[in-house]
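Any value given below was found using the heavy atoms of this structure, including those in side chains, with hydrogens, waters and symmetry copies removed. Here is the naming used below: chain letters follow the sequence lines, and residue numbers restart at 1 for every chain.
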Amino acid sequence: MPELPEVEVIARGLQRLIGQSIIQEVEVLWPRSVARPEVPAFIQGLAGRRIIDVRRRGKFILFSLDDGRSLLAHLRMTGGFCVFPRTTPPHPYVRVIFHLTDGRDLWYVDIRKFGRLYLVDSPEEVLQALGVEPLSAEFTAERLADILRRRKGAIKPLLLNQGIIAGVGNIYADEALFRAGIHPLRRAADLDMEEVRALHAAIREVLQEAIDHRGTTLRNYRDADGETGQNQFRLNVYRRQGEPCRRCGTPIERIVVGQRGTHFCPHCQPAQP
DNA sequence: AAGAGACCCTGGATGC
DNA sequence: TGCATCCAGGGTCTCT
């Protein structure tokens with residue numbers, strides 16, 4: 001599942017591979033992959049446009065275009081991009097093909113078809129609802145403390161709320177809580193400043209380390225070069241239920257929080273502080 | 001504010 | 001072996 005680190009790795013790869021390419025023609029093979037505008041306007045709006053920049057915001061990939069508009073992609077569960085010579089035979093999960101003028105194709109691939117593409121005048125039309133970037137300078141421990149103070153719910157669902165912190169998904173929420181030694185059901189407002197500082201550092205560390213290891217590949221994730229990540233070998237709790245905690249040996253537990261599988265060490269992350 | 005449930009999808013796991 | 005069923009999971013939406 002692409003979360004912030006995986007989307008960052010893909011965006012960097014796309015910037016390198018197609019950062020200045022011109023889109024000649026677009027083929028939409030699965031219309032629902034295009035969120036907006038309508039498919040004909042999407043195709044027409046992209047024809048002839050030069051990509052001038054590819055970057056990430058939250059879990060979105062932003063392609064800036066030479067006419068000032070933007071192509072945005074949210075990969076959801078199984079979306080991805082890859083670049084091939086035009087002679088490459090079709091792939092069963094390709095949903096949108098961007099034919100480039102240099103003879104290559106950019107494929108939007110998505111097994112489960114949850115991902116969405118947006119062609120918009122301004123990226124803010126889509127991104128305005130997002131919260132703070134966890135790897136930015138604005139995300140300080142004090143800012144996190146401000147956020148948590150007003151929240152009566154459990155800490156784990158809060159970390160998954162994109163309107164509060166943008167880019168953290170299920171894997172890195174569990175990993176950050178483990179690293180900070182905080183139980184996923186602790187009330188956000190109950191964390192003391194020492195715990196907030198630990199959580200703030202843990203969020204940034206698990207995300208940055210995952211980027212450094214080119215993302216986590218559990219099933220389908222590949223970067224823009226088609227390579228798997230290496231971060232899956234470094235996970236401490238995610239999908240490790242029943243296995244010994246790497247820190248203390250206690251079996252990792254799995255519970256459901258906010259309808260999401262949640263993994264933690266009952267010894268390193270006590271329910272009571 | 002927050003939690004539950006439905007929905008969108010498919011591959012893989014599980015059950016019989 | 002083969003078929004049916006269940007489940008995960010990000011985000012959005014509705015309802016309470």
Side-chain angles (χ1 to χ4, degrees), chain A residues 1-8 10-11 28-36 39 56-62 72-81 91-96 108-118 120 123 125-131 133-134 146-177 184-191 203 207 210 215-222 228-229 231-232 235 237-242 252-264:
Chain A
M1 306 126 256
E3 304 182 21
L4 185 153
E6 292 76 32
V7 177
E8 178 70 30
I10 291 171
V28 176
L29 307 179
W30 182 258
R32 294 193 65 170
S33 292
V34 176
R36 69 171 93 148
V39 169
R56 177 196 62 76
R57 168 82 168 101
K59 298 180 193 173
F60 285 87
I61 299 173
L62 289 81
L72 273 59
H74 196 299
L75 306 177
R76 296 281 178 94
M77 304 294 295
T78 56
F81 284 99
H91 177 298
Y93 303 127
V94 178
R95 306 306 179 194
V96 180
Y108 172 66
V109 181
D110 191 356
I111 295 175
R112 294 194 185 175
K113 303 175 176 174
F114 283 178
R116 293 291 181 263
L117 305 178
Y118 306 76
V120 291
E125 293 173 36
V126 176
L127 304 179
Q128 61 178 356
L130 293 182
E133 272 298 318
D146 280 342
I147 292 168
L148 301 188
R149 237 192 303 277
R150 291 171 276 118
R151 298 283 169 163
K152 296 190 199 298
I155 185 65
K156 159 99 189 243
L158 184 147
L159 294 179
L160 298 179
N161 185 335
Q162 300 301 298
I164 298 174
I165 302 171
V168 178
N170 210 31
I171 297 172
Y172 301 107
D174 282 2
E175 293 297 319
L177 287 169
L185 288 174
R186 292 279 306 283
R187 271 171 38 123
D190 288 349
L191 301 186
I203 291 168
L207 295 174
T216 299
T217 298
L218 292 173
R219 279 193 190 151
N220 304 297
Y221 169 71
R222 297 287 188 281
T228 62
N231 197 249
Q232 60 276 20
L235 299 178
V237 288
Y238 188 76
R239 292 207 181 161
R240 290 194 67 241
Q241 60 269 30
I252 300 301
E253 288 187 13
R254 181 184 186 276
I255 59 176
V256 175
V257 179
Q259 296 163 300
R260 291 283 176 260
T262 297
H263 314 75
F264 69 102

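Base contact: A:Arg260 has a heavy atom under 4.0 Å from a base atom. Residue contacts shown for A:Arg95 are absent, as no nucleic acid heavy atom lies under 4.0 Å away. In this structure, A:Gly115 reaches neither bases nor backbone, as no heavy-atom distance under 4.0 Å exists between it and the strands shown. Within 4.0 Å of A:Phe60, counting heavy atoms only, lies no atom of the nucleic acid at all.
Within the structure, every side-chain polar atom (N or O) of A:Tyr172 is placed at least 4.0 Å from both OP1 and OP2 of C:dG10. Taking 4.0 angstrom as the limit, A:Arg116 places none of its side-chain polar atoms (N or O) nearer than this to OP1 or OP2 of C:dG10. In terms of phosphate contacts, A:Gln259 brings no side-chain nitrogen or oxygen within less than 4.0 Å of OP1 or OP2 of B:dA4. At least one side-chain nitrogen or oxygen of A:His74 sits closer than 4.0 Å to the OP1 or OP2 atom of C:dG11. Contact check, A:Arg187 against B:dA2: no side-chain N or O comes under 4.0 Å of OP1 or OP2. The side chain of A:Arg151 places an N or O atom within less than 4.0 Å of a non-bridging phosphate oxygen (OP1 or OP2) of B:dA2. Of the side-chain N and O atoms in A:Tyr93, none sit less than 4.0 angstrom from OP1 or OP2 of B:dC9. A close approach under 4.0 Å does occur between a side-chain nitrogen or oxygen of A:Lys59 and OP1 or OP2 of C:dG11.
No donor-acceptor pair under 3.5 Å is formed between the side chain of A:Glu8 and the backbone N or O of A:Arg56. Not a single donor-acceptor pair under 3.5 Å links the side chain of A:Glu3 to the backbone N or O of A:Lys59.
Among the nucleotides C:dG11, C:dG9, B:dC8, the one closest to any side-chain atom of A:Gln162 is C:dG11.
In this entry the distance linking CE of A:Met77 with C1' of C:dG9 reads 3 Å, nearest Å. One atom, CG of A:Leu158, and another, C1' of B:dG3, lie 14 Å apart when rounded to the nearest Å. With rounding to whole Å, A:Ile164 atom CD1 is found 13 Å from C:dT12 atom P. Rounding to whole angstrom units, CZ of residue A:Arg112 and P of B:dT10 are separated by 10 Å. Put simply, NZ on A:Lys156 is 8 Å from P on C:dG10, counting in whole angstrom units.
No donor-acceptor contact under 3.5 Å links the side chain of A:Arg239 to the base of C:dA8.
Here A:Phe114 lies parallel enough and close enough to stack on the base of C:dG10, with planes under 30° and ring centres under 5.5 Å apart.
A salt bridge links A:Arg149 to A:Asp146: one of the charged nitrogens lies within less than 4.0 Å of a carboxylate oxygen.
Of the two residues near DNA chain B, A:Pro157 and A:Lys113, the one whose nearest nucleotide lies more 5' is A:Pro157.
One distance of note links OH of A:Tyr172 with CD1 of A:Ile203; it measures 14.0 Å at 0.5 Å rounding.
In this structure, the helix from B:dA2-C:dT16 to B:dC16-C:dG2 shows an angle of 50° between the axis at its start and the axis at its end, each fitted on 5 base pairs and rounded to 10°.
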